[in-house]
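To keep things clear, I will list the structure first and then write my remarks on it.
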Amino acid sequence: MREVRIKDSFTGELRTLSSDEEIGIYACGPTVCSLIHIGNARPFVVFSLLARFLKSEGYRAKLVVNVTDINDRIYAAARQAGEPSAEFAKRMTRAYFEDTDRLGLGRPDAEPLATETIDGIVALIADLIESEHAYESGGDVYFRVRSFDGYGKLSNRRAEEMDQGEEAGSESLKEDPLDFALWKAHKEDEDTSWDSPWGSGRPGWHIECSAMAEAELGPSFAIHGGGSDLVFPHHENEIAQSEAAGRPFARVWMHNGMIETDAEKMSKSEGNIFQLSEALDRYGREAVVDYLISGRYRQPLAFDAEQMEQAATRVERLRNFLREHPPAGDGAAPEDEFVATRREGFRGALADDFNTPRAMAEAFELVAEANRRQLPGAPEALRGMLALVGLESLARAEQGAGAEAEGLLAERQQARAARDFERADEIRDRLAELGWEVRDSAGAARLVRRC
RNA sequence: GGCGCCUUGGCGGAGUGGCUACGCAGCGGCCUGCAAAGCCGUUUACACCGGUUCGACUCCGGUAGGCGCCUCCA
């Protein structure tokens, strides 16, 4: 088990994860008001792979990624779709599962829904009212921000300095404009609601995460993750709610940077989104995963078609190597020292605040060296590395070309042997039409699937 | 205005007080009937101005520009 350090975005310091307790990771998932875009996929990929890495190092990691299925925007989107909001949210949740399944990284250890955590939410709110950190007002319940001294400590803000944007219509129910809703009374145009001691209504946006994190990971857990755009107010409010209710909450905060197009954050409100499913269709899952780990998780990452194509070319280089070096039977020669160094470097990079670009550089160095000289153990080591970052499918044997293509290839080999290159090229074109690229080597020829 | 982050070669993106990751693209070769794959060589870097230092892309200060959050957003 190697020492893993994570840069805590709360303190700005590198923190070493404890090796003798469960590493609970709570990462904020999507609000299912639309299909997810590639920016939403970044935290899913980063935290899935982080959990995978920690487990492979022997840590007891548990990854929780929630689904926010109660929200103003869901009501609005459902209304526009002419669909009951509960059905709409279910449909979008299903689409989210399908899209992220296609990444091929498996599922998080738990994926709680807000709608299935109402009891925990109500209990937490009751605790906050009991301790006077929250109050009921006209069927709503608000968190009393000024009652919590630490408010603003994550995002570095002072309550006094906050230029609070007013929510139209509801401010009169608040004691203080800074206060935020824990529970919202049922409104006429909302077609779902839940019972509570304060009447029928629904939870506010932030409380669900506090409740779900506690339900899955307990009152104190190792890592809380999510996009950097959630630092304020979402995560700030989570801290306030949980800590005010006596829960120590997250020990380390990890915020992933935004995906950007033309140096602008990709977001629904900007309208510059690129859907995950479309990226998967167009570039393939390996390219999408590779793209998402091509920059360090906490930095912004540029997105455009060229970047995706580069990722596709990059994974093709890895695939080419693995194709030439299928798993050996046995009696393999002892691993070369160079290989061991790269493998160590790869894991070391991941242990160093999950530096995926540096890890991948190690993998590429291994490939380059193994392409120029015999490197015992290189293919096996590479497969191991790629498995850690969800790219193990690059090593998968290609499906057979089928009788027609194989027949054509044999025919072409005959033509080449007879030095009838015109015929050979004709056949090559024909194979290309069938989706196969021909690669000649010393005495043989290989068919490679073109996508 | 407040808080935080960023500025690396054609593109993306690491990193370090001295030895210029990695990938893509370009150019010239090798190999090949040709191509692909692969290999070799090679062209563009650290926004700007000061300071610290034997030495800074890396540390400090300033300037310019950009981004994020402050309202729903991964």
Side-chain angles (χ1 to χ4, degrees), chain A residues 9 12 27-31 33-34 36-47 65 68 71-73 76 152 154-158 160-168 205 225-236 255-260 263-270 273 290-291 294-296 298-304 306-321 323-324 345 349 352 355-365 367-368 370-373 415-416 419-422 424-425 428 432 437-442 445-446 448 450:
Chain A
S9 46
C28 284
T31 297
C33 59
S34 61
I36 68 162
H37 57 71
I38 193 140
N40 297 309
R42 172 123 95 149
F44 186 90
V45 168
V46 165
F47 293 108
V65 181
T68 295
N71 183 283
D72 288 335
R73 283 146 64 225
L154 176 69
S155 57
N156 241 309
R157 284 155 220 249
R158 308 259 140 267
E160 310 79 65
E161 293 166 359
M162 279 184 216
D163 178 17
Q164 187 70 5
E166 287 298 308
E167 293 173 43
W205 175 35
S228 60
D229 54 348
L230 297 181
V231 172
F232 189 91
H234 187 53
H235 291 159
E236 193 69 61
H255 288 102
N256 64 272
M258 299 293 103
I259 300 293
E260 301 180 336
E264 297 262 306
K265 170 185 170 185
M266 181 181 291
S267 74
K268 291 160 195 162
S269 48
E270 291 288 337
I273 63 170
D290 179 77
Y291 162 72
S294 69
R296 203 162 192 176
R298 56 181 147 84
Q299 299 304 140
L301 184 62
F303 177 89
D304 59 34
E306 190 189 348
Q307 295 321 312
M308 293 310 297
E309 279 153 22
Q310 286 187 9
T313 313
R314 214 155 44 216
V315 294
E316 196 54 30
R317 176 168 165 81
L318 300 173
R319 204 197 307 270
N320 284 336
F321 176 79
R323 186 154 33 215
E324 298 298 330
D352 179 18
N355 192 331
T356 52
R358 216 176 82 210
M360 290 308 286
E362 297 282 348
F364 279 105
E365 279 178 29
V367 168
N371 272 329
R372 58 178 86 100
R373 68 178 169 108
R416 291 183 70 214
R419 303 194 66 76
D420 181 356
F421 296 120
E422 201 175 320
D425 290 347
R428 182 163 58 196
E437 178 186 313
V438 180
R439 290 185 187 170
D440 297 324
S441 58
R446 183 196 292 285
V448 173
R450 298 291 292 182

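The shown structure was predicted, so the numbers you read here are calculated from the model rather than taken from an experiment. Order of the sequence lines fixes the chain letters, A, B, ..., with proteins taken first and strands second; residue numbering starts at 1 for each chain.
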Roughly how far apart, to the nearest Å, are B:G10 and B:C46 at atom P?
10 Å
To the side chain of A:D229, which of B:A37, B:C67, B:C69 is closest?
B:C69
Contact class for A:G29 vs. all strands (heavy atom < 4.0 Å): base, sugar-phosphate, or nothing?
sugar-phosphate
Looking at A:R157 and A:E236, is any side-chain nitrogen of the basic one under 4.0 Å from a carboxylate oxygen of the acidic one?
no
Same-atom distance (P) from B:C67 to B:U8, integer angstrom:
14 Å
So what does A:R372 hit on the nucleic acid, given a heavy-atom distance under 4.0 Å: a base, only sugar-phosphate, or nothing?
sugar-phosphate
Taking B:C6 as the reference, what is the distance to B:C48 when you measure between their C1' atoms (whole Å, please)?
16 Å
Here the distance between atom P of B:G68 and atom CD of A:Q299, to the nearest Å, is 15 Å
Mind checking the C1' distance from B:G13 to B:C24? Whole angstroms is fine.
11 Å
What's the CZ-P distance between A:R317 and B:A37, to the nearest Å?
11 Å
Side chain of A:A361, heavy atoms from C-beta onward: which of B:C22, B:A14, B:C40 has the nearest atom to it?
B:C22
With P as the reference atom in both, quote the distance from B:C49 to B:A64 in angstrom, rounded to an integer.
15 Å
Taken to the nearest whole Å, CD/A:E324 to C1'/B:A36 is 11 Å
C1' atom, B:A45 versus B:C57: distance in rounded Å?
9 Å
Over all strands shown, is A:N320 touching base, sugar-phosphate only, or nothing at heavy-atom distances under 4.0 angstrom?
sugar-phosphate
Any idea which of B:A74, B:C34, B:C70 is nearest the A:P233 side chain?
B:C70
Suppose you measure atom C1' in B:C59 against the same atom in B:A37; what distance do you get, rounded to whole Å?
46 Å
Which residues satisfy the ring pair (Phe, Tyr, Trp, His ring centres under 6.0 Å) test with A:H37, sequence neighbours excluded?
none
Report yes or no: is there a donor-acceptor pair, N or O only, under 3.5 Å between the side chain of A:D440 and the base of B:C34?
yes
Taking the C1' atom in each of B:C40 and B:C19, what is the distance between them to the nearest angstrom?
23 Å
Report yes or no: is there a donor-acceptor pair, N or O only, under 3.5 Å between the side chain of A:N355 and the base of B:G15?
no
Nearest-neighbour nucleotide for the A:N156 side chain, B:G68, B:G4, B:C39 considered
B:G4
From the candidates B:G68, B:A74, B:C22, the one with an atom nearest any side-chain atom of A:R42 is B:A74
Go ahead and write out RNA chain B as dot-bracket, 5' to 3': ( ) for pairs within the strand, [ ] for ones crossing earlier pairs, | when the partner sits on another strand, dots for unpaired; Watson-Crick or G-U wobble, both distances under 3.5 Å.
(((((((..(((.....[...))).(((((.......)))))....(((((..]....))))))))))))....
Ignoring the backbone of A:R419, work out which of B:C3, B:G33, B:A74 is nearest its side chain.
B:G33
For the side chain of A:R428 and the base of B:A35, is some donor closer than 3.5 Å to an acceptor across the two?
yes
A:F421 has a side chain; which of B:A74, B:G13, B:G33 sits nearest to it?
B:G33
Mind checking A:I259 for me? I need base, sugar-phosphate or nothing, with any heavy atom below 4.0 Å counting as a touch.
base
When every non-hydrogen atom of A:L154 is compared with those of A:H235, the smallest separation belongs to CD2-CB, 3.4 Å
Of the listed nucleotides B:G33, B:A74, B:A37, the one nearest the side chain of A:C28:
B:A74
Counting side-chain heavy atoms from CB outward, which of B:C70, B:A74, B:A14 is closest to A:R296?
B:A14
Distance under 6.0 Å and angle within 45° of ring axis: A:R416 vs A:F421:
no
With a 3.5 Å cut-off and just heavy-atom distances, do the side chain of A:Q310 and the base of B:C11 make a donor-acceptor pair?
yes
Can you tell whether the side chains of A:E316 and A:R323 come within less than 4.0 Å, N to carboxylate O?
yes
Distances under 3.5 Å only, N/O to N/O: pair up the protein atoms with those of nucleotides 43-46 of chain B.
none

